[in-house]
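Input: a single structure, listed below in structure tokens.
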Amino acid sequence: MATIQIRVNGTNRQIDDIDPTTPLLWALRDHLGMVGTKFGCGKGLCGACTVHLNGTAIRSCSTPVSAIEGQMITTIEGLAKDTENLHPIQEAWMEHDVPQCGYCQAGQMMNASALLAVNPKPSDQDIDNAMAGNICRCGTYKRIRKAIHTAAENGGAR
Amino acid sequence: MKKDLYDYELIPDVDMPAEFVQRIKDYDDLEDTTLDTNMARRQFLKLSGIAGGGLVLAFAMGGAPRAEAAHHGNKKGAAALNAYVQIKPDGKVVIAAKNPEVGQGVKTFLPMIIAEELEVPWESVSVIQSDIDEKRYGRQSAGGSQSTPRNWTPMREAGATARTMLVNAAAEKWGVSASKCKAEQGQVINTSNGKKLSYAELADAAAEQAIPDAKILSFKDRKDFKLLGKFIGGVDNHALVTGQPLFGIDTQLPGMLHAVYVKCPAFYGKVKRANLDEVKNLPGVIDAFIIEGNSVDGELSPGVAIVAKTTYQAFLAEKALQVSWDKSDASNESWGDFKEMAKDLTSKSAPATEESGDMAKAISQADKVVDSFYTYPFLSHSNLEPQNCAAWFRNGKMEIYAPTQTPQGIAGPVSKILGLKQEDVVITQVRGGGGFGRRLINDWVTEAAAIAHKVDAPVKLTWNREADMAHDFYRVGGFHNLKGTLDKKGKLTGLQDRTLVFTNKSNGRPVRGGGIRGGNIQAPEIPNVRIEAHEIPLTIPCGWWRAPTSCSVAWVFQSFIHEMAEAAGRDHLEFLIEQFGEPRHLGKQTARDFNTERAINVTKDVAEKANWGRKMKKGQGQGLSFYNSHLGYFAEVAEVTVDSSNRVKVDHVVASCDVGMLLNKSGGENQVEGSIIDAISTVAGQEITFEEGAVRESNFDEYPLLRMPSQPKIDIHWLTTDYAPTGLGEPAFPPAVAAVTNAIYNATGKRIHTMPISKEGFEIV
Ligand code: FES
Ligand code: FES
């Protein structure tokens, strides 16, 4: 058991008494009570658990918390600056009413926002390639693609 | 106002799960209602003591005496509140939605119907999820695409009732006749002088008005709808996009522990012994114990529970768990054996379960006979949110937080198994991360309750993906040995289906989604039809999977009709339409209900919209298919490009549909798009196989779901008709499957007889 410090959504968090092999996903959900990040497959196959590590999209189910000690994590709860100022990705997701069940969407949005950060005006092809790791069981792909284009137009690369 | 046309009775037992049909029948017997009398006898209640005050109306399906009975908590004839509407003195409108939300959009579109008739701007509406309470809300479930047809009229009445009371209150204030007053977007207007009173100003006075009789209510004309048919986003969207807790798996209770439940890989195996002491010593593990279970289908299978401080610790402990299983009563079935058996069995005759005309004669007189054998696999639901449930046993009550489609199916088995009173099982419904029929069965809830019963803390049970895939209630696989006959003119004169029907070992009836009837062929013009069924008992648990039965047999029959058209050398479109016959309404108000006019119209429409029959490039093909399920009429054309290594790109799917009218353009289109993606997923590579009674696929690497790059362009065309609107969770799925495989045939000349197409050497890219 260990004590681990990570920086989550701009706040330093200390996690006591944690098995250092614990995936970041479960550290967030069970230790920090941040349940916006979702468990889908636990094997890096579905993308439901996507968060940002120093701005890059990673699979939190396959990243031990010890490996990111001291580093900067952004989760879906921290994607918006505050509740009034949603990220353009979140705005676009609402505008296009992307979710069906919504379970995959936190991971989709985290991956999409990471995409826009490196590719502010992605083509359909870019989007398909970048988003191929995120499964939507409900099949909302058409809307995800549209929403990413909308977010790109609205400065989603921020 | 133009009256809605009704095509159906509300119990289409072709599509509805048998247990549901029974339940609905029992329920309707209780209520003594049919569609028509139901409308006349629906009852509204004024509620008091609701926070915020104003006009609060609860509305009930059921007769007048029942409203009273509800006060006495009398189950027989209990008034079933479908929702309630509250117009607060500050002008805010609160609508409670009663049915579980699993992604089908019901929490948004049912309140939209109320808001439309109430004449309020959608922005002033907030929607809350109701409690689970059969006494107050009647049946609360999400299944069979039933929410729309069952609630269309009640929701309109709810809105119209409140509107009428507001109008009457304004008329009284102004001292004019109500006919001089008109409701418009949250206000009542005095048409003689243009004066206005807002609903906010009228709310308290409206509450004093008598509740108008449902018979005198007037509904808005569809052409005056301001909200229905528009693109309206889901009411939970803000919470969803900001990652707030919504789903079952997000449930957090004070001091909550985390559990896994390990069952025998072979279904219905029992625990002989397990290294519990060792497991209990692992870090974070609080307890580990064996649960005997009752091995009743859908209730509680035997297994080992591990309770730990965190989910991860529970998962780790599971890896160290060693169980020796008693497999004497367990399934030892294998998919491979069934495949062998099926070829053999269906080559032999069996007694006809259904025959119209004379198939033997059709064969002897045929100009051409076509034989074909179709196979489709078992499928898993694979909700992206794995099964999970939180439960807390305290003060003699079992509190349950379940992302279920049938919250009212929980108390029965849980109370029986744990020796509790039904009323001591208290359910909170939470959003489900996908339904697709998996969460109609509450085995995972029963497990959570059985674990929580032994633990002095709230516990959340979380299945990992592997458990979810290994312990599903699967879409049943199937085999059909078909024979079709053509006369000299190329007319389809006969169809025989020798099929294998899996039966549930416990009751001898076809497994869920496993029955087959002549009506499933949906070609009423075929004069000679014979269905023969070889029955085989099955232990592998089967469930209702999106569009049960239709989801598999639509592919078989829509492929075979294409095959027959080809054998006749005729255009598929013309041949398919010929099978519908004259525009007419068959089996009206029965389970066999089939309106050939609606079938013909959507089929013609899709052909036109997809530019059917246009010249395609080499390696490209269009495929046509039709199906009517869950009261919806859908025709679809898929276009594919197949390269020389049999890699298939589904370029485009065009769907034309008739569900009466579209209630929420956004939610409705999302369901159709999702159903089409889902169908292509099953075409591509999904197959659940089992050996020695255990499922072999364990995660998304072995059971792939369609990913973003494989999505086709999808266009949806809505034929608006005067029929009452019906549901969209399912009916777009069944025809999409054959549309794709028929397109592959037209592109390559290769008929897909076995699903998924990876079995036939094709790959979806
Ligand atoms: S849960 Fe991490 S990729 Fe699926
Ligand atoms: S919206 Fe349900 S999994 Fe994507």
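Values below: every heavy atom of this structure, side chains too, minus hydrogens, waters and symmetry copies. By convention in this document, chain letters (A, B, ...) are assigned in the order of the sequence lines, proteins followed by strands, and residues within each chain are numbered from 1.
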Problem set entry | Per-residue contact mode, A:Glu95 against chain B (heavy atom under 4.5 angstrom) | backbone
Exercise. Measuring heavy-atom distances to chain B, does A:His31 have an atom under 4.5 Å in its side chain, in its backbone, in both, or in neither?
Worked result: side chain
Exercise. Is chain B contacted by the side chain of A:Glu77, its backbone, both, or neither, given a heavy-atom distance below 4.5 Å?
Worked result: both
Exercise. Looking at B:Asn699, B:Ile714, B:Leu705, which has the largest count of heavy-atom pairs under 4.5 Å with chain A?
Worked result: B:Asn699
Exercise. Looking at B:Asp678, B:Leu706, B:Asn383, which one forms a side-chain contact (heavy atoms from CB on, under 4.5 Å) with A:Arg137?
Worked result: B:Asp678
For this session: Heavy-atom pairs under 4.5 Å with chain B are the metric here; pick the option from A:Met1, A:Gln105, A:Lys43 that has the most.
Result: A:Lys43
Exercise. Are side-chain heavy atoms of A:Glu91 and B:Val241 found at a separation under 4.5 Å?
Worked result: no
Seminar exercise, completed: In terms of heavy-atom pairs under 4.5 Å with chain A, the winner among B:Thr311, B:Thr242, B:Ile677, B:Thr310 is B:Thr311
Problem set entry | Set of side-chain contact (heavy atoms from CB on, under 4.5 Å) partners for A:Glu84, sequence neighbours left out | A:Asp82
Problem set entry | Interface moiety of A:Lys142 toward chain B, non-hydrogen atoms closer than 4.5 Å | both
For this session: Could you tell me which residues satisfy side-chain contact (heavy atoms from CB on, under 4.5 Å) with B:Ala239, sequence neighbours excluded, listed by chain and number?
Result: B:Gln244, B:Leu246
Problem set entry | From A:Asp124, A:Ile127, A:Asp128, residue fulfilling side-chain contact (heavy atoms from CB on, under 4.5 Å) relative to B:Pro709 | A:Asp128
Exercise. If you count heavy-atom pairs under 4.5 Å with chain B, which of A:Cys138, A:Ala106, A:Cys41, A:Gly36 comes out on top?
Worked result: A:Cys41
Problem set entry | Geometric class of the A:Phe39/B:Phe315 ring pair [parallel <30°, tilted 30-60°, perpendicular >60°] | tilted
